[in-house]
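Values reported hereafter were calculated over all heavy atoms of this structure, with side chains retained and with hydrogens, waters and symmetry mates removed. For clarity, every value in this text was computed on a predicted model and none was experimentally measured. Chain A is the first sequence line, chain B the second, and so forth, proteins listed ahead of strands; every chain is numbered from 1.
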Amino acid sequence: MEHITRTKVSDLLQSKDFGKEVLIKGWVRTRRGNKQVSFIAVNDGSVIHNIQVVAEVEKFNEELLRQVTTGSCIAVNGILVESPAQGQPVEIQAKEIALYGTADPETYPLQKKGHSLEFLREIAHLRPRTNTFGAILRIRHAMAFGIHKYFNDHGFYYLHTPVITGSDAEGAGALFRVSTLDAQNPPLKEDGTIDYSQDFFGKETKLTVSGQLEAELGALALSQVYTFSPTFRAENSNTPRHLAEFWMIEPEMAFCDINDNMDLAEDMLKFLMIYALEKCHEDLLFLQKMYDNELIERLEFVINNKFVRATYTEAVEILMKSGQSFEFPVNWGIDLQAEHEKYLVEKHFKKPVILTDYPKEIKAFYMKQNDDGKTVRAMDVLFPKIGEVIGGSQREENYKRLLQRTQEMHMPEKDIWWYLETRKFGTAPHSGFGLGFERLILFVTGMANIRDVIPFPRTPKNAEF
RNA sequence: UCCUCCUUAGCUCAGUUGGUUAGAGCAUCUGACUGUUAAUCAGAGGGUCGCUAGUUCAAGUCUAGCAGGGGGAGCCA
């Protein structure tokens, strides 16, 4: 059996080496047939399609064939032939079948027929074996690889930012505490509060919500860096667009203003859509057929249209003149709600939109203030269907103005003295943004729930697997 | 966290005004079929109706609480 090397199913399906002896290994999707012949569909995850193994029943041990059931794992040695039947270009005439692992058909939860996505979430340990999750996971890989490729090709350095942080500097939401103290009986200070000076790091530490502040430190030395890292939010968010643990991509560029920043965001997103269409065409076709019949059209739409750029103030005017009745009334100064963003993207502009120059009160302390004294150089990229996919800004590089904003927003200086020092020592104009990786994957796969685009989702009340 | 809907067989779902022994399709098992494609055909097995309490002669069905899940909203990426 092991005298030749294994070939991946993806390679065999394209092969024209008829008559050649091959070895495949994979998981059985279905077996059907009659007393004379068995057809075994085998998938090894290399491609969405299965390879059909044809076994003449009389040549094999009856007990062995009986155990080749949906979900079992086998190796097959045989001859690659052109398939005489419709449905597949090639198939394997089996000479030898080895069984690596059986799967009791009475208890194996995956059927050959479709399952609901909700049910598959309950068996996340097995759902990678479905066509849907095979496709999603291959696309997810391609997008991760594409992101590294894009930044590498554009002269960015991949900067590894810490996952454990001692500051809540970005203020992006509730944090998970990281501690080795005895939760039953923590050391207390005289005032009854927990004494974190006795904790592992000698201070209270959390899981990061963003690598941005550290990415800025990198940009102010290497000019162009990016992070691609897990981030954590302890918000009790129960929506199809939020995870407690998700991956974020954060480029940060010195000598770069808000317009350069927008150009980069648009160019990178378009590159990734093109990359997906090129590298994952069959998986996208499958997802389009099963879940979202406008998927490829939507990806091409993003590629072929220039993103609309408008200021927050212009957007507010459009919304006020729209005649729409919104649940949240519109006036200058409000944070735009999902319904407002949806109207702008899907009804008014009908294109991806980048909004800029938001009121400083609703944006983070580090964003560069405009000369009007009211707005900051923020930018949000809004996509159809999923809303905000990117949030970014030009950063405040002026030490005094940044310090003033940290004080106004009650940022503890002791936590971010190092960040402020970059503005004291060789400061430079710089910009960056954050891209939620799973939101990107939602858009590229056409999936509706973010729990279905990450292998093992972490959400409130759910850390199984 | 708020609003709303859902929870019945392994899966997807029916189940009438509360009323005898809770149904279907698929899956599984058995059998038939000389090349199948979500194969087809025949038969069989499979259920503490999410949990707890209550109303009632009687609860899958009505009420309350709890748990889990979906959709919408907020927080955001």
Side-chain angles (χ1 to χ4, degrees), chain A residues 29-41 49-58 66 69-71 81 83-88 91 93 103-123 130-131 170-174 209-212 229-250 265 290 326-328 335-342 362-364 380-383 386-392 433-443 448-454 459-462 464:
Chain A
R29 288 295 173 80
T30 67
R31 180 167 68 87
R32 41 177 188 268
N34 52 42
K35 281 227 169 90
Q36 283 69 40
V37 62
S38 261
F39 301 97
I40 307 162
H49 306 293
N50 307 322
I51 191 143
Q52 173 159 282
V53 172
V54 183
E56 286 174 47
V57 172
E58 58 172 17
R66 231 173 43 75
T69 58
T70 300
V81 298
S83 179
Q86 298 273 310
Q88 57 280 319
E91 62 189 32
Q93 289 286 349
D104 176 14
E106 296 272 8
T107 51
Y108 184 65
L110 287 171
Q111 308 167 173
K112 27 190 157 175
K113 280 206 165 188
H115 290 288
S116 68
L117 294 168
E118 290 84 358
F119 173 67
L120 292 176
R121 276 172 222 150
E122 293 171 11
I123 50 166
T130 62
N131 286 335
E170 217 212 345
V209 294
S210 164
Q212 182 199 311
S229 158
T231 50
F232 306 87
R233 305 281 163 92
E235 302 288 348
N236 190 11
S237 297
N238 294 287
T239 85
R241 297 179 310 284
H242 291 86
L243 291 164
E245 175 182 305
F246 65 101
W247 288 69
M248 194 149 61
I249 298 101
E250 295 175 291
M290 300 301 286
F326 293 111
E327 189 191 336
F328 295 89
D335 205 353
L336 296 181
Q337 303 295 315
E339 57 173 345
H340 305 136
E341 295 179 345
K342 218 176 183 72
I362 60 172
K363 288 292 181 184
D380 283 3
V381 180
L382 310 178
F383 260 28
I386 58 166
E388 183 181 339
V389 66
I390 279 179
F433 62 79
L435 165 66
F437 187 56
E438 283 76 17
R439 295 241 175 119
L440 173 77
I441 306 301
L442 271 183
F443 186 78
N449 194 312
I450 203 160
R451 292 157 199 207
D452 297 329
V453 296
I454 185 167
T459 53
K461 301 277 157 59
N462 183 10
E464 194 73 43

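Mapping Ala244(A) and Gly114(A) onto RNA chain B by nearest heavy atom places Gly114(A) closer to the 5' end of the strand. Nearer the 5' end of RNA chain B, as judged by each residue's closest nucleotide, is the contact made by Thr30(A), out of Ile390(A) and Thr30(A).
One C1' atom belongs to rU12(B), the other to rA58(B), and the distance between them is 31 Å to the nearest Å. rC29(B) and rA67(B) have their P atoms separated by 39 Å, given to the nearest Å. Annotation: rG18(B) and rC76(B) have their C1' atoms spaced 47 Å apart (nearest Å).
Nucleic acid contact for Glu91(A): base, since at least one base atom lies under 4.0 Å from a heavy atom of the residue. Gln93(A) comes within 4.0 angstrom of a nucleotide base, judged by non-hydrogen atoms across all strands. Residue Glu388(A) is classed as a sugar-phosphate contact, given heavy-atom separations below 4.0 Å to backbone atoms only. Across all strands shown, Leu243(A) has heavy atoms under 4.0 Å from base atoms, whether or not it also approaches the sugar-phosphate. Residue-level contact check: Phe119(A) touches the backbone only, with heavy atoms under 4.0 Å from sugar-phosphate atoms and none from bases.
Considering every non-hydrogen atom in both Ile450(A) and Arg241(A), the closest pair reads CD1-O, 3.5 Å. Taking both residues in full, the closest heavy atoms of Thr130(A) and Arg29(A) are given as C-NH2, 4.0 Å, listed atom of the first, atom of the second, then distance. The two atoms that bring Ala448(A) and Leu442(A) nearest to each other are C-CD2, 4.0 Å, heavy atoms only. The two residues Ala265(A) and Val381(A) make their nearest non-hydrogen contact at CB-CG2, 4.4 Å.
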Atom pairs under 3.5 Å: protein N/O with N/O of nucleotides 68-73 of chain B:
unit_1	atom_1	unit_2	atom_2	d
rG70(B)	OP1	Arg121(A)	NH1	2.6
rG70(B)	OP1	Arg451(A)	NH1	3.3
rG70(B)	OP2	Arg451(A)	NH1	3.0
rG71(B)	OP2	Asn449(A)	ND2	3.4
rA73(B)	N6	Asn238(A)	O	3.4

Restricting to nitrogen or oxygen on both sides, can you table the protein-nucleotides 40-42 of chain B pairs closer than 3.5 Å?
none

Check the interface with nucleotides 28-31 of chain B: list each N/O to N/O pair with the protein under 3.5 Å, or write none.
unit_1	atom_1	unit_2	atom_2	d
rU28(B)	O2'	Glu106(A)	OE1	2.9
rU28(B)	O2'	Glu106(A)	OE2	2.8

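Residues satisfying the side chain to side chain donor-acceptor pair (under 3.5 Å) test with Gln88(A), not counting sequence neighbours, are Ser83(A). In terms of the side chain to side chain donor-acceptor pair (under 3.5 Å) criterion, Ser116(A) has no residue partners (sequence neighbours excluded).
Checking the phosphate oxygens (OP1, OP2) of rG35(B), a side-chain nitrogen or oxygen of Asn34(A) falls inside 4.0 Å.
Listed nucleotides rG35(B), rA27(B), rC76(B) differ in distance to Gln111(A); the shortest reach to its side chain belongs to rA27(B).
Between Leu117(A) and Asn449(A) there is no side-chain heavy-atom pair separated by less than 4.5 Å.
Using a distance-only test at 3.5 Å, with no hydrogens or angles considered, a donor-acceptor pair links the side chain of Arg233(A) to the main chain of Val209(A). A distance-only check finds no donor-acceptor pair linking the side chain of Glu245(A) to the backbone of Phe232(A) [under 3.5 Å].
Across the protein-nucleic acid pair, Glu56(A) atom CD and rU36(B) atom P stand 15 Å apart, rounded to whole Å.
Pairs of Watson-Crick or G-U wobble type, with distances under 3.5 Å, assemble into runs of 3 or more in RNA chain B at these ranges: B:1-7 with B:67-73, B:10-13 with B:23-26, B:28-32 with B:40-44, B:50-54 with B:62-66.
Put simply, the side chain of Gln88(A) and the base of rU36(B) share a donor and an acceptor less than 3.5 Å apart.
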